[in-house]
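Okay, so here's the structure we're looking at.
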Amino acid sequence: MKQPSGNIAMPHFSIEYSANLEPDVDMAALCDLLRQTAIQTGVFPMAGVRVRAIAVDHHAIADGDGAHGFLDLSVRLRAGRPLDVRKAATAEIFNALEAFLAPVMEKRPIAVSMEMRDIDPELSPKTGSIRRFLKENEND
């Protein structure tokens, strides 16, 4: 996949997960895997990738069994990428997520979901200084 022309920044990856996954899932490693995978798709500029994980202490899933866990990956990005590009990036990122979680899902019940969606650039102002601090060849 190739990055479309034009200045299409972002994406923001937000992982919301049940805190009961923490003993079994290395969230820092997952964040880094998703960062690397997003860059490797060729769709997202490295300087725009942001990954964060937020634990949810209170949740109720299915039959209420406290052992059930969930992980939801939300990807927000500036509008402008064609649907086929977004679909291919979604598949690549979700495949990496599934592969990472597969050993844990063999041991315990986890619901995993992902959504990629565009945001309106006219309603989402941005500023920052990260690009100034990157090496010139990393500023894409």
Side-chain angles (χ1 to χ4, degrees):
M1 284 179 277
K2 290 270 189 186
Q3 169 74 27
S5 60
N7 185 10
I8 303 174
M10 305 191 89
H12 288 261
F13 289 71
S14 296
I15 305 165
E16 186 176 89
Y17 65 95
S18 56
N20 66 354
L21 295 181
E22 290 184 344
D24 297 317
V25 179
D26 183 342
M27 287 298 165
L30 178 57
C31 287
D32 197 52
L33 171 74
L34 293 174
R35 179 191 62 79
Q36 291 176 34
T37 303
I39 293 165
Q40 290 168 359
T41 66
V43 174
F44 309 111
M46 184 268 300
V49 176
R50 292 147 177 81
V51 183
R52 61 186 69 86
I54 302 109
V56 175
D57 290 326
H58 306 285
H59 62 278
I61 300 171
D63 61 2
D65 185 332
H68 297 327
F70 78 89
L71 187 146
D72 177 62
L73 174 59
S74 173
V75 183
R76 297 179 305 120
L77 44 116
R78 288 237 185 212
R81 293 171 182 86
L83 178 59
D84 63 325
V85 170
R86 288 179 285 143
K87 285 173 73 172
T90 296
E92 194 168 335
I93 292 162
F94 193 73
N95 288 341
L97 175 61
E98 274 189 301
F100 185 89
L101 294 174
V104 179
M105 293 180 76
E106 288 294 319
K107 300 187 303 185
R108 59 176 301 176
I110 303 173
V112 180
S113 58
M114 176 181 172
E115 177 187 19
M116 184 178 289
R117 64 186 174 276
D118 286 347
I119 60 172
D120 185 337
E122 293 186 37
L123 301 174
S124 179
K126 304 278 183 263
T127 189
S129 61
I130 291 174
R131 291 186 194 296
R132 288 190 324 215
F133 291 90
L134 296 174
K135 295 176 189 168
E136 190 172 319
N137 63 345
E138 294 178 340
N139 210 7
D140 295 329

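From a predicted model like this one, the values you see are computed outputs, not experimental measurements.
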Provide the closest heavy-atom pair for [X] versus [Y] in the form atom of the first, atom of the second, distance.
{"X": "Leu77", "Y": "Pro11", "value": "CB-CB, 4.1 Å"}
{"X": "Ala96", "Y": "Leu33", "value": "O-CD2, 3.7 Å"}
{"X": "Pro103", "Y": "Ala99", "value": "CD-O, 3.7 Å"}
{"X": "Ile110", "Y": "Leu71", "value": "CG2-N, 4.4 Å"}
{"X": "Gly69", "Y": "Ser18", "value": "CA-OG, 3.1 Å"}

Find the distance between [atom1] ([X]) and [atom2] ([Y]) and round it off to the nearest 0.5 Å.
{"X": "Asp118", "Y": "Arg86", "atom1": "CG", "atom2": "CZ", "result": "4.5 Å"}
{"X": "Met114", "Y": "Ile93", "atom1": "CE", "atom2": "CD1", "result": "4.5 Å"}
{"X": "Glu92", "Y": "Asn95", "atom1": "CD", "atom2": "CG", "result": "8.0 Å"}
{"X": "Met116", "Y": "Phe94", "atom1": "CE", "atom2": "CZ", "result": "12.0 Å"}
{"X": "Tyr17", "Y": "Leu30", "atom1": "OH", "atom2": "CG", "result": "9.5 Å"}
{"X": "His59", "Y": "His68", "atom1": "NE2", "atom2": "NE2", "result": "9.0 Å"}

Starting from [Y], can I reach [X] by hopping between I/L/V/M/F/W/Y residues whose side chains sit under 4.5 Å apart?
{"X": "Phe44", "Y": "Leu83", "value": "no"}
{"X": "Met105", "Y": "Phe70", "value": "no"}
{"X": "Ile15", "Y": "Ile61", "value": "no"}

Distance-only, no hydrogens or angles: does the Ser14 side chain make a donor-acceptor pair with backbone N or O of Ser74 under 3.5 Å?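 Absent.
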Donor-acceptor check, side chain of Arg76 to backbone of Ile119, threshold 3.5 angstrom: yes or no?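 Side chain of Arg76 to backbone of Ile119: no pair is present.
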Carboxylate-amine/guanidinium contact Asp32 Arg35, below 4.0 Å: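 Arg35 and Asp32: salt-bridged.
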Could you tell me whether Glu106 atom CD has more than 12 heavy atoms of other residues or ligands within 6.0 Å of it?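 Counting neighbours around CD of Glu106, 12 or fewer heavy atoms of other residues, nucleotides or ligands fall under 6.0 Å, so no.
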Determine whether Val56 and Glu16 make a side-chain contact, defined as any pair of heavy atoms from C-beta on separated by less than 4.5 Å.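 They are in side-chain contact.
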Salt bridge (Lys or Arg N to Asp or Glu O under 4.0 Å): pairs with one or both residues in residues 41-59, sequence neighbours excluded: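 Those involving residues 41-59 do not exist here.
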